[in-house]
Each structure stands twice: as structure tokens, then as C-alpha cells.
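Encoded as C-alpha cells, the structure appears first; notes follow it.
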Amino acid sequence: MPAAEEAAPLDFIRTIVNQDVQQGINDGRVHTRFPPEPNGYLHIGHSKAITLDFGIAAEYGGLCNLRFDDTNPTKEEVEYVDSIQEDIRWLGFDWDDRLYYASSYFGRLYECAEQLIQLGKAFVCDLSPDEMREYRGTLTEPGHNSPWRERSIAENLDLFRRMKAGEFPEGNRVLRAKIDMASPNMVMRDPVIYRILYTPHHRTGTEWCIYPMYDFAHCLSDALEGITHSFCTLEFENNRPLYDWFLEALSVPHRPQQIEFARLNLTHVVMSKRLLRRLVEDGTVSGWDDPRMPTLAGMRRLGYTPESIRDFNARIGVAKANSMVDFSLLEYCVRTDLNKIAPRVMGVLRPLKVIIDNYPEDQVEELQAINNPEDPSAGTRAVPFSRELYIEQDDFRIDPPPKYFRLAPGREVRLRYAYFITCNSYETDPATGEVTVLHCTYDPATRGGDSPDGRKVKATLHWVSERHAIGAEVRLFDRLFSVADPTADASQSLSEQLNPSSLEVVQAQVEPSLGDAPVGAHYQLERQGYFTVDRDSRPGQLVLNRTVALRDTWAKIEQKG
RNA sequence: UGAGGGAUCGUCCAAUGGUAGGACACCUGACUCUGGAUCAGGCGAUCGGGGUUCGAAUCCCUGUCCCUCAGCCA
């Protein structure tokens, strides 16, 4: 167990697991589970639970099951069970043959319910939902016993069997645990454990018309699977006594331990499935995998790597205090990973034409460029250079401000891996005043980018050769929301807080080596950022998504004025 | 104001009676054929008030603030 050997401090959960293992609890066995409800796509918040559940199991030589918590057919769909598995695998975790469904325990769960009735610990209640709410009491007042609470065991059994047989309409009756209507913990006030639902289930079809509630199904599923440590988020803290109550009441031989941790909150996104679904349904984004979505599918399409997300989770830690992690930590994690692995290429996002007046008309040179300065084994490639080029519009100013090092009339800069060039003149569009063409001269002695006389330039620009470049649609993504917490201010709607420039599309010119780039490949466009090939790409129709921009010192200087 | 939780740099996480530390962010500087990366440095916190102790983020008392729970959702 590598994590335990290091001096690095353990989080509170690992401290508990570590102790349990050392004390030989559960024979020193560690068995966890990741229990998603298949009612939406997995998001970055789930990745915290996934890395915790699968990660701890791996660290202690244990196992982690994947179990779909599919006890509510009205909200769950197969589309989600497929995407969830794909996303977990993509993240780098594996459950071998331990793919389970709460729904495959429906038979045994039903038996447990009958057993509870036999024990006098459950009863069929005829109260309507509204009545039940009234009987439940409030946070400060105790509830009242249901008038149906003292039915005989035989009657309860008969009624429950008839519920199962489909003799009653939906909402007509429920099975409730008989606990304590005066409990200060609302969860313990005779909670519902089975309800009638005639919606077909995505796995069991119409076999059942009664479905167990979460509290009943979850603890028993954990017990059935021999789970030792059952991690969940803070909002289930109040439910822990009920989790334990069911296991105690049914005298199950194996007692899993529920431990709660704080869920992940991230700035500049929304994380609830409800709000994410709304963004999808109202067309704010193109789908669950829109690159601006914090879903794993969206982040994958944006160009995030599994490594970067695992690293992120390792860095945020695990604790019980509610918190909100800064989005910039996520960005740091992708940049760090992509910096190591992404090949460098040159691409001009907003092309400005440059004519090298003293360069021979028809000459083409193949210049050697380094693929990844962080990884010598990535090798080099040839980039074609010719008389007519594109550089970035941002890299030229007629009147350069202070600290602006790039090209301007009379100024000399380096074209990366190519030549030093000096700008002599420029042409403008008479209508708009916009600069249309730059006329430059190059110094043949600086071929490759080095000056034999030791002359220095303050800037190195990326460029592409006009006649060799290929066009590409580049999607410049940014954070979906302009505020840190879009849910903080109830007077502001979600749409009012969207970042108006979360997506900007430009027609770029990129170097020809990108011609056969496969979907999902990661690149760094030098001086711009990290990009990935979108699945919308077609032969001859490259589409790149900007995963994250490079840190931009000049942008900061400029912003400060 | 019932019950259950929680409060440490701007943010996230450590320190479990013994020098409050790390990461991100931010600011300097060095270096640089990416204003990237890297390197060096800096800024910056124990919710308030009492108490115990040689010594308190940690233990005790007290106050404050925040989160969760009144679904036949999970």
C-alpha cells in the first residue's frame, strides 16, 4: 500500500481504512463500490468519488465494484448506464467482472422487506403523500404515528404481497419501516421503504411494480456484496442511522461502514444533474458532451486527459468541510500533463498575411522543428517555408505599446525555426483601416532561427506558409459561466450568468503536418494553447477544440495597462 | 430556532499538545528560438471571547457563522 508507506499525511478516510486494515477488521479486507444512479452523465464531481472508491481499493489491494443504483425506473435510462461505464474506463478504472445492479437484488430485497414485516418492524401504510407529510411533523415538532401503524403482521404481509401483485394503484400504499415518529432525525420517522410504480424498469421490465427506496436498497446491496467501506457524500450523514438500522434489524452477517465526505464543488460551472440537464435541454450547450460541460464526456471532448483529472483529484484532497475548488487548479493540471505529452505545432488563429519581399518567388525550404522540447524522444519534423506567410494578427502593431516585443514597422523578430524578419511597410484596407498585408525582408544568415552575429530579438513568432497551410475550424472554448458560483445569487438566472464568450469559432491556418491528425489527438499550438481534434472533423475539414490556453504573461501586462 | 455535520493563507488540503506547512492563484526576478515550460524569491491563515497548560489550530467552556434533513428522489 504505497500511500500508507509514505510520510505524506493520509486524508481522514484513508486514516480510517488504514486503521481498519491494521486492526484486521473485515480480515483486513478492503472492498468498496461506486454506486451511480443511471439518470445522467458522470461529471467532474463524480470523478472525486470514483478516484476515492477505486483508488482506495487499489491502494489497499482490495476491490471496487461498479453498482448501478437503479431503484427508480421513472428517472433512469440505459443511455446513461452505457455512458457511465465508458467514462469510468476512460478515467482509467476497472471493475473486472464486478458489474452489479441494485435491480438484480430486487428479489432478495423483497424477501428482506417481508422479513422486516414478520419482525414487526415494517407496516403497510395507506396514507396519501399529503397526509404522510402532515403526519411527519416538522424539524421542530415530532410527527404522529400513522393510523395504519398497528396493523397485524398477517395483514401487512397480505397487503404487501398484493402491492407486489399489482392490486393497488400507484401512490395508494407504501411499505414503511416502523421506527420512531418522534425522532429528532427526520429520516427515522417511519421512512418509506417500498412504493408502487408502474413504470417499466430498464432492466427488469414489468416484472416489478413495487420498488425499494434508496435507504433500504443501498445498505443491503452493500451488505450483499461484502462491501467494507461505503463512501458517500455529506448529505447522507443524516441517513447513516437508518443505514445501520436496516442492517441491525435484519441481523445481516456483514456490516459495511458508511463514511461521508464533502462533494466537489468547482468555480465557474454548475454540478447538479438537474442544472446540467437543463443546459442540455434548453440548448444552451450542444449536448451532455459539449466541451463546455463539466461532464467527463464533455471534458474528454474538450481535450482533458484522464491523467490530468486523476491528478486534480489527488490535489484537492478529501475532507468533510464544504468547499469550492478554483477552476484554475483544473487548468493547471491539464496544462501540466499536456505540456509533457502534447506535440508542438504551429497554427495561426487569426491570419495576417506577410510577404517576404527579398525571398525568392518560388522557393520552398523545409525547416526542422522540434516536436516537443519537454520530450526529446518526440523528435523533429519538417515545416515548409516560403515567400508568403501568415502570422497572428496580434503579433503586429502599427504603434507598439510599451513592453510589446512583437512585430512593428522597422522592428526585427524571429519566425520560429525559420528566419529573422524585419517589417518595412504594411498595407491597410482603406475602408476599415485594418492592416491587410505586411511587407518584410528576411536575413538569409539567420536560417533556422539563429543569428551568427549574436544579434538578439525580443520576440519569436509562430507562422505558417500560405500555400502549404491547411484551413481548420478552431473552437475557442472558455468557462461556461462568468461568475464563480452561478447558483449563489437566486435573483440571477443561470442564463444571465453565462460567459458570453464561452465559445468563439475562428477559421485558422495550420501547418500541413496536422493534415492527418486523428480525432482526440492532443497538440500544443505554440504560443496559443492546447488543442484536440474534435470528432466533427472530416477529411479535409479539420476541427480543433481549445482545451486550455497557455499561460499568457503578455495578456496580463496588457490588461493592467 | 429539533437533529446531524463543519469552520486554518484569496482557494483547496496538512499539522492529532511542541517552529502553522504544501499546492493552486497572485506578485518579483532569472532563464528562454513558445511572453510557454523551468528555476529562485515574495505575499498570505488558525471564526470571536474566556479557560487548562511551560506550551493550544489541537483539550475545556461560551458565543458566532455556514451546510444537510420535513420526496412515495438518490
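Atoms considered below: every heavy atom in the structure, side chains included; atoms not considered: hydrogens, waters and symmetry mates. Proteins come first, then strands; the chains are lettered A, B, ... in the order of their sequence lines, and each starts at number 1. Source: prediction; values computed, not measured.
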Any base atoms under 4.0 Å from [X], or only sugar-phosphate, or nothing? Heavy atoms, all strands.
| X | result |
| --- | --- |
| A:Leu525 | nothing |
| A:Arg189 | nothing |
| A:Val457 | nothing |
| A:Asn39 | nothing |
| A:Thr138 | base |
| A:Leu234 | nothing |
| A:Gln524 | base |
| A:Asn238 | base |
| A:Arg315 | sugar-phosphate |
| A:Ile316 | sugar-phosphate |
| A:Lys560 | sugar-phosphate |

Next on the checklist: Heavy-atom nearest nucleotide on RNA chain B for A:Asn339 versus A:Pro35: which residue maps closer to 5'?
Outcome noted: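 Looking at RNA chain B, the more 5' nearest nucleotide goes with A:Asn339.
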
- Message: Here's a test of your reading of the structure: between A:Ile557 and A:Gly317, which maps to the more 5' nucleotide of RNA chain B?
- Response: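 Closest to the 5' end, via its nearest nucleotide, is A:Gly317.
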
Nearest-neighbour nucleotide for the [X] side chain, [options] considered:
| X | options | value |
| --- | --- | --- |
| A:Thr140 | B:U34, B:C24, B:U1 | B:U1 |
| A:Arg136 | B:C72, B:U34, B:C12 | B:C72 |
| A:Tyr332 | B:G35, B:A37, B:A23 | B:A23 |
| A:Arg344 | B:A25, B:C73, B:G36 | B:G36 |
| A:Thr460 | B:U34, B:C72, B:A15 | B:U34 |
| A:Val192 | B:G4, B:C72, B:C24 | B:C72 |
| A:Leu550 | B:C73, B:A14, B:U34 | B:U34 |

[atom1]-based separation of [M] from [N] [nearest Å]:
| N | M | atom1 | result |
| --- | --- | --- | --- |
| B:G50 | B:A45 | C1' | 22 Å |
| B:U53 | B:U58 | P | 16 Å |
| B:U1 | B:C65 | C1' | 15 Å |
| B:U19 | B:U52 | C1' | 22 Å |
| B:C13 | B:A7 | C1' | 14 Å |
| B:G55 | B:G18 | C1' | 7 Å |
| B:C69 | B:U16 | C1' | 30 Å |
| B:G71 | B:C47 | C1' | 35 Å |

Using only heavy-atom distances, decide whether a donor-acceptor pair under 3.5 angstrom links the side-chain of [X] to the base of [N].
| X | N | answer |
| --- | --- | --- |
| A:Arg133 | B:G71 | no |
| A:Glu558 | B:G35 | no |
| A:Glu374 | B:U38 | no |

Original post:
Do the ring planes of A:Tyr101 and A:Phe68 sit parallel (below 30°), tilted (30 to 60°) or perpendicular (above 60°)?
Top reply: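 Plane angle under 30°, so parallel.
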
- prompt: Which class fits the ring pair A:Tyr211 and A:Phe106: parallel under 30°, tilted 30 to 60°, perpendicular over 60°?
  reply: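 Perpendicular, since the angle between the ring planes exceeds 60°.
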
Q.
Check for me: is A:Phe236 stacked on B:A74 by the 5.5 Å centroid and 30° plane-angle rule?
A.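 No; centroid distance or tilt outside limits.
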
Inset, instruction - Compare the ring of A:Tyr214 with the six-membered ring in the base of B:A74 and state whether they stack (centres under 5.5 Å, planes under 30°). - result: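 Here the ring of A:Tyr214 and the base of B:A74 are not stacked, as the 5.5 Å and 30° limits are not both satisfied.
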
If you draw the axis of the six-membered ring of A:Tyr110, does the NZ or CZ of A:Lys164 fall within 45° of it and under 6.0 Å from the ring centre?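 Judged by the rule, A:Lys164 and A:Tyr110 form a cation-pi pair.
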
Is [X] near enough to [N] that one of its side-chain N or O atoms lies under 4.0 angstrom from OP1 or OP2?
| X | N | result |
| --- | --- | --- |
| A:Arg195 | B:A74 | yes |
| A:Arg527 | B:G35 | yes |
| A:Lys320 | B:A7 | no |
| A:Ser128 | B:C72 | no |
| A:Lys556 | B:C27 | yes |
| A:Thr336 | B:A37 | no |

Review point. Is any side-chain N of the basic residue among A:Arg14 and A:Glu59 closer than 4.0 Å to the acidic one's carboxylate O?
Key: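 Judged by the 4.0 Å cut-off on N to carboxylate O distance, A:Arg14 and A:Glu59 do form a salt bridge.
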
Please round to the nearest 0.5 Å and tell me the distance separating atom CZ of A:Phe312 and atom OH of A:Tyr332.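 If we round to the nearest 0.5 Å, A:Phe312:CZ and A:Tyr332:OH are 13.0 Å apart.
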
**Message:** To the nearest 0.5 Å, what is the distance between CZ on A:Phe396 and CZ on A:Arg411?
**Reply:**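 Rounded to the nearest 0.5 Å, the CZ-CZ separation comes to 10.0 Å.
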
Original post:
side-chain contact (heavy atoms from CB on, under 4.5 Å) with A:His43: which of A:Asp87, A:Leu276, A:Leu264, A:Val270?
Top reply: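 Of the listed residues A:Asp87, A:Leu276, A:Leu264, A:Val270, the side-chain contact (heavy atoms from CB on, under 4.5 Å) partner of A:His43 is A:Leu276.
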
Using Watson-Crick or G-U wobble geometry with both distances below 3.5 Å, tell me the partner of B:U58, or none.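 In the structure as shown, B:U58 has no Watson-Crick or wobble partner.
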
Using Watson-Crick or G-U wobble geometry with both distances under 3.5 Å, which nucleotide pairs with B:A7?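 Base partner found: B:U64.
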
Does the side chain of A:Arg414 pick up a donor-acceptor pair with the side chain of A:Thr460 at under 3.5 Å?
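Per modelled atom types, A:Arg414 and A:Thr460 side chains form a pair under 3.5 Å.
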
Q) Is it the case that more than 12 heavy atoms not belonging to A:Arg149 sit under 6.0 Å from its CZ atom? A)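 For A:Arg149, atom CZ is crowded (more than 12 foreign heavy atoms under 6.0 Å).
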
Is B:G50 in the syn range, within 90° of 0, or in the anti range?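 Anti, angle beyond 90° from zero.
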
